[in-house]
Amino acid sequence: MEFTYKLPTDITFGPGSINAIPEKVKEVGANHAFVVTDKGVKAAGILDKILKLLDEAQIKATVFDKLEKEPTVLSIGDATKELAKSGAQVAIGVGGGTSMDTAKAAAFLVTNGGGILDYVGVEKVKKPGLPVIAVPTTAGTGSELTRFIVFTGVDVRTKLTVGSYLAMAKYAILDPELTLTLPPKVTAGTGMDALTHAIESYVNTTAHHVSEPLAMRAIELVAKSLRKAVAKGTNLQAREDMLAASALAAMAFNSTRLGIVHAMSQPAGGHFDIPHGISNAIMLPPVMEYNLMGNIEKYIDIAVAFGEDIEGLTPMEAAAKSVKAIRDLMEDIGITERLGDFGVKDSDLDMLADEALTSGNVPLNPRFPSKADIIEIYKKAL
Ligand SMILES: [Fe+2]
C-alpha cells in the first residue's frame, strides 16, 4: 500500500462555532469578506447572524446570493466577477455544496484567471486562491473538507468536476446548530450522500490506513444517528453526529475518491434533475450488491457497523447483510424513490451508462464494470 494524505483545512467544530468566523477572517489579514449563500440560508436567519458577527468585528461584507439549485458555469462566472469587483480578500461559503463549491471556485478563479471549464479534471489549478471559510448548513456533501467542485456545463446537463488541493477551504466551521432546521427529507437525502461517500471510500481500491478509520467512523455515526436526525430535527446530538459523519467521510474520500455509485448517480441526477443525495441513495443498494464479491471483508465490516447479526453466515451472506442494512435504513427515513419516478426510461440507460463510464471513479471501484453491467445495475434502480 502506498498513499499520501493531505488536509490543508483547519476545522472548528461545535455548537456556536460560527462565532469563530470573524477571528478566522482576521487571521488571514482580511477586513472585507465575500459571502456566498442561498435563499434557504437567508430564510433560516443564518446569513443575518453571520453578517451581524462580521459587522460587530468591523469586517465589511459583500453578499452574493444569486445561486441556482446547483453551481453552473454561468453562476460561477458571475460569482467570480462579483468577488473581483468587491475587492474582498476572503470568501465565505455558507450553505450546502452549492454555496461552498461556488465560494471555492470563485476564490481560486480570481487569482488564477480563466473560467471554471479550464480547470476540469484533477490538480489543474496552478496558484493558491483567496482564503475560503466553508460553513456547511447541511450534513452530507462534505464540500467544506474536499478539493472537489461539482457543477453543470452550459448547454449540457452533464456534471463536471474540478479537483484541486489549491481549491480547498482554509477553514471549515462545523456548527451543528445550523443544521437543526433542515427538513426531514433534506436530512435524509444529504445523510445518504455522506453515507455513500463513506462506503465508497471504505471499499474502493485506493482505501488506506488513514482513510479507512475515517470512513468507518462516518459509517458508524450514520448508523447511530441518521434515523434520529430525521425523526426529530432538533436532536442536537444526532445533528452533531451527522455533521461529524459528513466531515469524516469527506476527509476519507478527498484522498481516495469514490466509486460507481457516484459515477452512475451524477449523470442520472444531472439529466433528470434528481437531488444528489437521493440519486446516490437509489443507486447505493444495487451497486453494493454488484460490488460485494470485490471486497467481501469490507462489506462484512459495514454490516457489523449497522448492527447486523452475521453469526453462522458464510462470508458472502454476511457481506450481503450490509445491503439489507442500507435498505432498512432507507425505508425508515422515507427514501422510497426509484429512477423511474424522475422520468428515467429504459431507453435512457445506454446514454447514462456511456456517461457513467467516463467518470474517474470507475477504475477505483472494487469491481470493474462493463457497460452491460452498468446498464444492468441501472435497471435494478429503475
Ligand atoms: Fe456526493
Side-chain angles (χ1 to χ4, degrees), residues 69-71 93 95-102 104-105 122 134 136-152 158-163 167-169 172 179 182 185-204 206-207 211 214-215 218-219 221-222 226 242-288 291 326 329-330 333 335 337 339 342 355-356 359-362 364-365 381:
K69 257 193 284 182
E70 54 198 13
T98 300
S99 300
M100 292 188 283
D101 280 1
T102 304
K104 281 156 65 182
V122 174
T137 61
T138 65
T141 97
S143 171
E144 68 276 12
L145 285 161
T146 74
R147 57 191 161 127
F148 302 108
I149 294 164
V150 184
F151 60 98
T152 44
T158 309
K159 296 212 180 181
L160 300 165
T161 303
V162 167
M168 285 184 73
T179 66
L182 281 180
K185 190 74 198 185
V186 181
T187 303
T190 49
M192 286 303 294
D193 189 26
L195 177 61
T196 306
H197 294 156
I199 291 178
E200 295 218 277
S201 173
Y202 190 67
V203 301
N204 85 8
T206 48
S211 70
L214 293 166
I219 293 167
L221 287 169
V222 171
L226 180 53
M242 286 308 301
L243 194 58
S246 164
L248 294 168
M251 288 161 68
F253 90 81
N254 193 41
S255 167
T256 62
R257 303 194 64 183
L258 295 158
I260 62 169
V261 176
H262 273 76
M264 296 177 72
S265 90
Q266 285 195 337
H271 288 278
F272 294 91
D273 206 16
I274 312 172
H276 178 65
I278 303 294
S279 58
N280 279 334
I282 294 171
M283 296 315 309
L284 185 58
V287 166
M288 286 172 74
N291 279 349
I326 303 305
L329 172 66
M330 283 170 60
I333 63 176
I335 300 185
E337 294 92 333
L339 292 181
F342 297 91
E355 228 176 82
S359 165
N361 286 317
V362 174
L364 319 175
N365 195 63

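Order of appearance sets the numbers: ligands from 1, and atoms from 1 within every ligand.
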Task: pair M168-T146: side-chain heavy atoms closer than 4.5 Å - done: no

TODO: Indicate the ring-plane relationship of H197 and F253, choosing parallel, tilted or perpendicular according to the 30° and 60° boundaries.
DONE: tilted

Open item on the list: Any donor-acceptor pair under 3.5 Å linking the side-chain atoms of T256 with those of S201?
Closed with: yes

Open item on the list: For a 4.5 angstrom cut-off between non-hydrogen side-chain atoms, does M192 reach I333?
Closed with: yes

Open item on the list: Taking the side chain as everything from C-beta on, heavy atoms only, tell me whether L329 gets closer than 4.5 Å to L195.
Closed with: yes

TODO: Enumerate the protein N/O/S atoms at a distance below 2.8 Å from the Fe ion (ligand 1), ignoring waters.
DONE: D193 OD1, H197 NE2, H262 NE2, H276 NE2

Task: Residue that, paired with Q266, satisfies side chain to side chain contact (heavy atoms under 4.5 Å, CB included) out of V261, L258, T161 - done: T161

